[in-house]
Trainee: 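One structure is given below, represented as structure tokens, and several questions about it will come after.
Residue numbering restarts at 1 for every chain, and letters A, B, ... go by the order of the sequence lines.
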Amino acid sequence: MSDRVWLMKSEPDVFSFTDLQTCGRTWWDGVRNYMARNYMMKDMKVGDWVLFYHSNAEPSGVAGLAIVTSAARPDESSFDKKSEYYDAKSTRENPRWQCVEVGFLNSLPRLVSLAEIKGNKRLAKMILLQNSRLSVQPVLPAEAREILRMAGVTGVEIGAHP
DNA sequence: GCCAACGTTGGC
DNA sequence: GCCAACGTTGGC
């Protein structure tokens with residue numbers, strides 16, 4: 001059982017947590033940042049929990065709980081000339097970008113806004129607050145527990161199945 | 001819509 | 001390999 005937690009950002013106008021709830025699972029394609037890619041390729045494992053974060057939103061914040069459903073594989077959108085994420089330097093023989101698949105795990109009683117996160121001393125070291133540009137990032141179990149508590153979640157152990 | 005922060009690109 | 005220019009992210 002995994003007790004590792006990640007935070008992944010998505011603009012809700014593009015793909016929201018409700019969209020994930022509707023479709024069940026999705027490949028996290030379109031990430032074009034090496035640090036974010038490396039976390040997906042090297043560190044994310046099936047069963048890891050994901051805090052689904054709404055960026056560029058009103059309000060921005062942690063909107064729901066997701067889970068890694070498949071380890072990284074080449075990002076198909078990087079091969080697709082019609083995709084806005086197409087990258088001519090990424091080939092099937094030598095894929096430059098990879099992504100994991102993420103599935104819906106649970107809704108939260110309420111969203112935890114960025115303002116609330118900033119206001120909580122226990123969350124001061126979160127990467128979210130140090131580097132606002134990283135869209136895939138690890139979260140410490142204690143930080144994840146705190147955010148779930150703020151969201152009104154009780155009695156849930158990280159990594160436990162819902 | 002503005003713009004600070006940061007990552008990437010490309011000339012040298 | 002440096003670094004200026006440029007593009008993007010994302011909060012406000």
Side-chain angles (χ1 to χ4, degrees), chain A residues 4-23 25-44 48-68 72-105 107-140 142-152:
Chain A
R4 239 181 334 187
V5 185
W6 303 89
L7 182 147
M8 298 175 94
K9 295 181 188 174
S10 182
E11 301 193 22
D13 291 348
V14 179
F15 188 84
S16 70
F17 184 68
T18 302
D19 293 332
L20 180 67
Q21 184 162 15
T22 301
C23 72
R25 50 176 68 187
T26 188
W27 287 95
W28 205 264
D29 60 7
V31 170
R32 296 294 177 265
N33 170 285
Y34 289 104
M35 203 179 299
R37 180 204 67 175
N38 290 345
Y39 281 133
M40 288 198 283
M41 272 176 63
K42 299 174 183 180
D43 300 318
M44 293 179 81
D48 287 357
W49 280 21
V50 175
L51 304 178
F52 194 111
Y53 180 90
H54 282 171
S55 61
N56 258 318
E58 195 49 58
S60 293
V62 175
L65 258 185
I67 189 166
V68 177
R73 68 167 208 198
D75 180 338
E76 290 294 323
S77 71
S78 71
F79 310 134
D80 178 4
K81 284 189 177 165
K82 281 173 274 180
S83 168
E84 61 177 312
Y85 303 123
Y86 175 70
D87 181 351
K89 290 173 180 166
S90 181
T91 62
R92 288 189 188 279
E93 300 70 46
N94 190 14
R96 172 178 291 212
W97 304 108
Q98 299 205 30
C99 60
V100 297
E101 187 193 52
V102 168
F104 173 83
L105 183 60
S107 341
L108 296 176
R110 59 186 174 76
L111 178 140
V112 179
S113 72
L114 177 61
E116 290 176 80
I117 292 171
K118 281 184 171 172
N120 187 328
K121 272 187 178 172
R122 292 174 181 163
L123 303 177
K125 289 186 177 162
M126 284 188 73
I127 295 169
L128 183 71
L129 306 184
Q130 316 286 328
N131 177 3
S132 68
R133 312 236 352 229
L134 187 61
S135 66
V136 176
Q137 56 188 261
V139 177
L140 294 177
E143 294 166 341
R145 273 193 292 274
E146 183 67 8
I147 287 174
L148 293 178
R149 190 190 65 73
M150 293 163 80

Trainee: Are more than 12 heavy atoms from other residues, nucleotides or ligands located less than 6.0 Å from atom CE of A/Met41?
Mentor: yes
Trainee: Distances for protein N/O vs nucleotides 7-9 of chain C N/O pairs under 3.5 angstrom?
Mentor:
unit_1: C/dT8; atom_1: O2; unit_2: A/Arg133; atom_2: NH1; d: 3.4
unit_1: C/dT8; atom_1: O2; unit_2: A/Arg133; atom_2: NH2; d: 2.9

Trainee: Is a side-chain donor or acceptor of A/Arg92 paired with a backbone partner of A/Glu76 at a separation under 3.5 angstrom?
Mentor: no
Trainee: If I take atom CG in residue A/Leu129 and atom P in nucleotide C/dG10, what distance separates them, rounded to the nearest angstrom?
Mentor: 14 Å
Trainee: Could you tell me whether A/Arg122 atom CZ has more than 12 heavy atoms of other residues or ligands within 6.0 Å of it?
Mentor: no
Trainee: For A/Met35 and A/Lys89, find the nucleotide of DNA chain B closest to each by heavy atoms; which residue's nucleotide sits nearer the 5' end?
Mentor: A/Met35
Trainee: Looking only at side chains, do A/Ser90 and A/Arg32 share a donor and an acceptor under 3.5 Å apart?
Mentor: no
Trainee: Just checking, any donor-acceptor pair under 3.5 angstrom between side chains of A/Asn94 and A/Thr91?
Mentor: no
Trainee: Are any non-hydrogen side-chain atoms of A/Val100 and A/Met8 less than 4.5 angstrom apart?
Mentor: yes
Trainee: Would you say the side chain of A/Val139 lies within less than 4.5 Å of the side chain of A/Trp49, judging by non-hydrogen atoms?
Mentor: no
Trainee: What is the distance, rounded to the nearest whole Å, between atom CG of A/Asn131 and atom C1' of B/dA5?
Mentor: 9 Å
Trainee: Using the ring of each side chain (for Trp, its six-membered ring), is A/Phe52 parallel, tilted or perpendicular to A/Trp28, with breaks at 30° and 60°?
Mentor: perpendicular
Trainee: Specify the residues of residues 111-121 of chain A, ordered by number, for which at least one heavy atom lies under 4.0 angstrom from an atom of DNA chain B.
Mentor: none
